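First up is the structure itself, then whatever we jot down about it.
Since we're looking at a predicted model, the values are computed, not measured. Along the sequence shown, residues are numbered consecutively beginning with 1.
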Amino acid sequence: MAQVTLNGKKENLNCPLLVSEFLLSKKIDPDRVVVEINRAIIQKEEYHTRKISPGDTIELISFVGGG
């Protein structure tokens, strides 16, 4: 287990963990969020190769539909 900061809160994850694995574990649709790690936006094409490491700061920005 390693500690990361997720949307401002400390959380323990089994790291290293791919972004795609992380989103799946949280039941988050990758098409509905933007993932930022350490203040860098991660492109969707990188979700299957970019690893989350201990100490990373992760921000998930969700899209909400409406009119």
Side-chain angles (χ1 to χ4, degrees):
M1 288 286 207
Q3 194 170 66
V4 300
T5 303
L6 174 61
N7 290 347
K9 296 180 181 177
K10 301 289 184 192
E11 184 162 327
N12 290 317
L13 298 178
N14 289 321
C15 290
L17 182 70
L18 295 173
V19 171
S20 59
E21 295 171 328
F22 169 73
L23 293 175
L24 183 64
S25 73
K26 297 290 185 186
K27 299 181 181 168
I28 296 172
D29 182 349
D31 291 330
R32 309 275 301 169
V33 295
V34 170
V35 178
E36 183 183 281
I37 299 177
N38 301 329
R39 298 184 180 240
I41 293 174
I42 308 303
Q43 300 298 315
K44 289 192 186 322
E45 298 81 26
E46 299 176 71
Y47 286 4
H48 293 288
T49 57
R50 176 64 163 86
K51 292 180 181 175
I52 296 170
S53 300
D56 279 349
T57 298
I58 306 163
E59 294 291 331
L60 298 178
I61 302 151
S62 299
F63 296 108
V64 178

Quick check: do Arg50 and Leu18 have side-chain heavy atoms less than 4.5 Å from each other?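 Side-chain contact under 4.5 Å: no.
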Any chance you could pull the hydrophobic cluster mates of Phe22, using side-chain heavy atoms under 4.5 angstrom and chaining through other members?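 Besides Phe22, the cluster holds Val4, Leu6, Leu13, Leu17, Val19, Leu23, Ile28, Val33, Val35, Ile37, Ile42, Tyr47, Ile52, Ile58, Leu60.
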Taking atom CD1 of Ile41 as the centre, report whether more than 12 heavy atoms of other residues, nucleotides or ligands fall under 6.0 Å from it.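 Counting neighbours around CD1 of Ile41, 12 or fewer heavy atoms of other residues, nucleotides or ligands fall under 6.0 Å, so no.
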Heavy-atom closest pair, residues Pro30 and Lys44: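 It is O-NZ, 2.8 Å.
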Smallest separation among heavy atoms of Glu59 and Gly8, with atom names: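 Between these two residues, the closest heavy atoms are OE2-N, 3.9 Å.
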From Ser62 OG over to Asn7 CG, what is the distance, rounded to the nearest 0.5 angstrom?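 The OG atom of Ser62 sits 8.0 Å away from the CG atom of Asn7.
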Measure from the side-chain N and O atoms of Lys10 to the backbone N and O of Gln3, and report whether any donor-acceptor pair falls under 3.5 Å.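 No, Lys10 side chain to Gln3 backbone: no donor-acceptor pair under 3.5 Å.
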